[in-house]
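Read the structure below first, then the notes.
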Amino acid sequence: MVVTRFAPSPTGYLHIGGLRTALFSWLWAKHSGGKFLLRIEDTDLARNSDEALEAIIKAFDWVGMSYDGEVLYQSKRFDIYKTYIDRLLEEGNAYKCYMSKEELDALREAQMAKGERPRYDGRYRDFEGTPPQGVEPVIRIKAPQSGKIEFEDGVKGFISIDASEVDDFIIARSDGVPTYNFVVAIDDHEMGLTDVIRGDDHLYNTPKQIVVYRALGLALPKFYHVAMINNEQGKKLSKRDGATDVMEYKTQGFLPEALLNFLVRLGWSHGDQEIFTLEQMIELFEPSNINKSASSYNLDKLLWINATHMKNMPTDQMIELLKSYDCDISTHDKKEAILKATIERAKTMIELKEQIELILNAPKEYDSKAVQKAFKADTKEILSSFIEDLMTLQPSSSQEIHALMNAFLSARELGFGKLGQPLRIALLGAMSGSGLDEIIDIIGIDETKARVQRVIESI
RNA sequence: GGCCCCUUCGUCUAGCGGUAAGGAUCCCAGGUUUUCAUCCUGGUUACAGGAGUUCGAAUCUCCUAGGGGUCACCA
C-alpha cells in the first residue's frame, strides 16, 4: 500500500509550492487507495508558532485535502528518537562530539580561508580519551568516508553523490534535541512511508537521510523531488509576489478545486487535458508524469481555470458558496436568472459578486461619457414610451421582454441603440453588462421604471 | 566557489529515434450576441548553442552557456 505524507514546519503560512507537493502526495495516495499522513516538523524550539500551525490546518480544510489518522507532532516524539540515538551510539554508528560551537566556527572559517568546503573534520569520530570538561556534546552519525551515495529518484532519475559530500552531521544537539535530517528518516520509517514526495530543495537532504537509514539497517522509501514553482518573472517565489498564502486565494475569490487544478498542471500533465475535477485528478495522477523542470506561476491561466470551474459548478451549489462572500441571493425568486446573467462575466467569486450587485442595486452614478454619447433629444420620450409599454403589457419572462423590445423598435422604425444604450445606462449606469431583457426580468418592471425615471430626472 | 539538478512558443505543457513539433493560456483577426462577456473559427510565436552517434535526432552522448538548489547544534 502506498503511504505518503506532507510534513510542514509551522514557521509560516502554507504557500502554493507547499500546497502543490502536498497535493501530489495526496493524489498519489488516493489514486492507489493508500494513506496520506500529516506530520508537523516542530523540532525547532524558537521558530514554531501556533498561528502558523492553525493556518496550515485551515488551508488543508479549505482545499478539501483530508489526511488519514491523527496529525503527528515531532515535538511529542523525542523519546522515540532517543531510542534510535541510543541504539546508534551502542552499535558504534554514532558518537559524541565535544567540539564547542566556537571551535566549529573557527574550523569553518579556517577551511573557507583556504578555499575549502566547510566540513566537520571527524576529530571525535574515533575518540577514546577523556572528554573535555564543561562541554555538552552533540551526537554525530558516522557517514561513509568513501564511495557513492546513490538512489533512484522518481522524478529526476538516478542520483549519485560522492560520499565525501556528506560529513558526520549532527543528529542530536548539545541539549539533546534531535535534528531535522535524523528525525525525518526515523519518522518516515516509523510511519511506514513508501513514497516521499517533496520539493527539489530537499534533494541534498536525501543522501543524509540515506546515511541514517543505512546506519539503522532500514529499507528506503521511494523518493520524488519535485521542481520549484517560480514567480511570473521566473524567479523564486517570495512574499512580494502577492498572494502566496493559500488562504489569500480564498479571499480573492478562487475556488479550491480550481487552485488545485492549476497547481496540478504545474509540473504534471495528462496529455493535453487542462481541466480536471478532483475525482479526475485522483483517477489520473501518476508520479511518473511529473515534469523535471521548474515552472512559473501564471495568473492568467489560474483565472481562466477558475472561470471554467465556476461555470461548471451547479447553480444551487454556487448560490450557497456566494453566501460566504457576503452575497446571499438564496431567497431571491430570480436567483437562477441572476446567476445565468452574471456567471459569464466573472473570473472570480469577487467579480461574480460585483456583477450581481451591479444588477441588484440601482446605479449610484452614470458614466458621463456614455450618457453624452447615448442620450439624444428624443431619448426621454423613447424611454418613457417603452416604460408605458412595459407597464401595460406586463411581460413575465426575459423572452417576452426581448420580444417586446423588438416590437417596440420595429413599430417606430428605430435601431436598437436608440433604446438599448440609454436603457442600459439607466439600469446599470454604464454601457456594458448583462443582457437588458435579463436585467429587467430580474429586477422587475417597477424597479425598471424607477431606474428609468431617475436617469431622466438627473439628465 | 564545490557538488547536484534543470533548459520545447511570453507562460503551462505534449513529445519518450522518423510528426508539417500538438494542446492550453496570453495576444491579434473574424463570426455569433442589443453592449460587454461567454462561445465558435482562424492566426503569430518554441526544440539555449556547439560537436558527435545514427540512414535519420527535440528525443541518445559529450562540451559550452544560462537558470536553480545546496553546502547550520534551521526545517
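Here is how names work: the chains are called A, B, and so on, in the same order as the sequence lines, proteins then strands, and each is numbered from 1.
- For the pair A:Tyr204 and A:Lys208, both in contact range of RNA chain B, the more 5′-proximal nearest nucleotide belongs to A:Tyr204.
- Judged by distance alone, with hydrogens and angles left aside, A:Thr179 brings no side-chain donor or acceptor close enough to the base of B:C73 to form a pair under 3.5 Å.
- Contact annotation: A:Arg119 does not reach the phosphate of B:A72 (side-chain N/O to OP1 or OP2, under 4.0 Å).
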Just distance, no hydrogens or angles: give the donor-acceptor pairs under 3.5 Å from side chains in residues 366-375 of chain A, sequence neighbours left out.
{"residue": "A:Asp367", "atom": "OD1", "partner": "A:Lys369", "partner atom": "N", "Å": "3.1"}
{"residue": "A:Asp367", "atom": "OD1", "partner": "A:Ala370", "partner atom": "N", "Å": "3.4"}

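- If you take atom P in B:G49 and the same atom in B:A21, they sit 16 Å apart, rounded to whole Å.
- For the side-chain hydrogen bond (donor to acceptor under 3.5 Å, both in side chains) condition, the pairs that include at least one residue of residues 416-438 of chain A, sequence neighbours left out, are A:Asp378-A:Lys418, A:His402-A:Asp437.
- Taking the C1' atom of each, B:C40 and B:G69 are spaced 45 Å apart, rounded to whole Å.
- A:Ile159 comes within 4.0 angstrom of the backbone, heavy atoms only, and of no base.
- Under the Watson-Crick or G-U wobble criterion, with both distances below 3.5 Å, B:G10 is paired with B:U25.
- A:Lys101 comes within 4.0 angstrom of a nucleotide base, judged by non-hydrogen atoms across all strands.
- Contact between the side-chain N/O atoms of A:Arg117 and the OP1/OP2 oxygens of B:U70 is not found at any separation under 4.0 Å.
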Inset, instruction - Show the numbers, then the answer: is there a side chain to side chain contact (heavy atoms under 4.5 Å, CB included) between A:Lys347 and A:Trp304? - result: CA-CA 7 Å; A:Lys347 288 191 194 307; A:Trp304 173 76; 5.8 Å; no

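- Contact annotation for A:Met431: base contact, defined as any heavy-atom pair under 4.0 Å involving a base atom.
- Among the atoms of the strands shown, only primed sugar atoms or phosphate atoms (P, OP1, OP2) are found under 4.0 Å from some heavy atom of A:Leu203.
- When heavy atoms are screened at a 4.0 angstrom cut-off, A:Asn230 is found touching no nucleic acid atom at all.
- Listed for the A:Thr179 side chain is a donor-acceptor partner under 3.5 Å among the backbone atoms of A:Ile170.
- Across all strands shown, A:Met99 has heavy atoms under 4.0 Å from base atoms, whether or not it also approaches the sugar-phosphate.
- Ionic pairing of A:Glu381 and A:Arg412 is present here: one or more N-O contacts between side-chain nitrogen and carboxylate oxygen are shorter than 4.0 angstrom.
- Distances shown here put a side-chain N or O of A:Arg108 below 4.0 Å from the OP1 or OP2 atom of B:C73.
- When heavy atoms are screened at a 4.0 angstrom cut-off, A:Ser432 is found touching base atoms of the nucleic acid.
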Short N/O separations, protein against nucleotides 8-13 of chain B, under 3.5 angstrom:
{"residue": "B:C12", "atom": "OP1", "partner": "A:Ser296", "partner atom": "N", "Å": "2.7"}
{"residue": "B:C12", "atom": "O2'", "partner": "A:Arg265", "partner atom": "O", "Å": "2.8"}
{"residue": "B:C12", "atom": "O2", "partner": "A:Lys301", "partner atom": "NZ", "Å": "3.2"}
{"residue": "B:U13", "atom": "OP1", "partner": "A:Gly267", "partner atom": "N", "Å": "2.3"}
{"residue": "B:U13", "atom": "O3'", "partner": "A:Ser269", "partner atom": "OG", "Å": "3.4"}

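- For B:U34, there is no paired base (Watson-Crick or G-U wobble, both distances below 3.5 Å).
- B:G2: Watson-Crick or G-U partner is B:U70, with both key distances under 3.5 Å.
- Applying the 4.0 Å criterion to OP1 and OP2 of B:G68, one finds that A:Lys235 has a side-chain N or O inside that range.
- For B:A75, the base has no donor-acceptor partner in the side chain of A:Asp42 [N/O atoms by modelled type, under 3.5 angstrom].
- Closest-nucleotide positions on RNA chain B for A:Ile290 and A:Gly115 were compared, and the one nearer the 5' end corresponds to A:Gly115.
- No side-chain N or O of A:Ser296 forms a donor-acceptor pair with one of A:Glu232 less than 3.5 Å apart.
- Look at A:Arg123 and A:Asp121 and you find a salt bridge, because one of the NZ, NE, NH1 or NH2 atoms lies within 4.0 Å of a carboxylate O, short of that distance.
- Across all strands shown, A:Ser434 has heavy atoms under 4.0 Å from base atoms, whether or not it also approaches the sugar-phosphate.
- Note: A:Phe60 and A:Phe36 have parallel aromatic rings, judged against thresholds of 30 and 60 degrees for the angle between ring planes.
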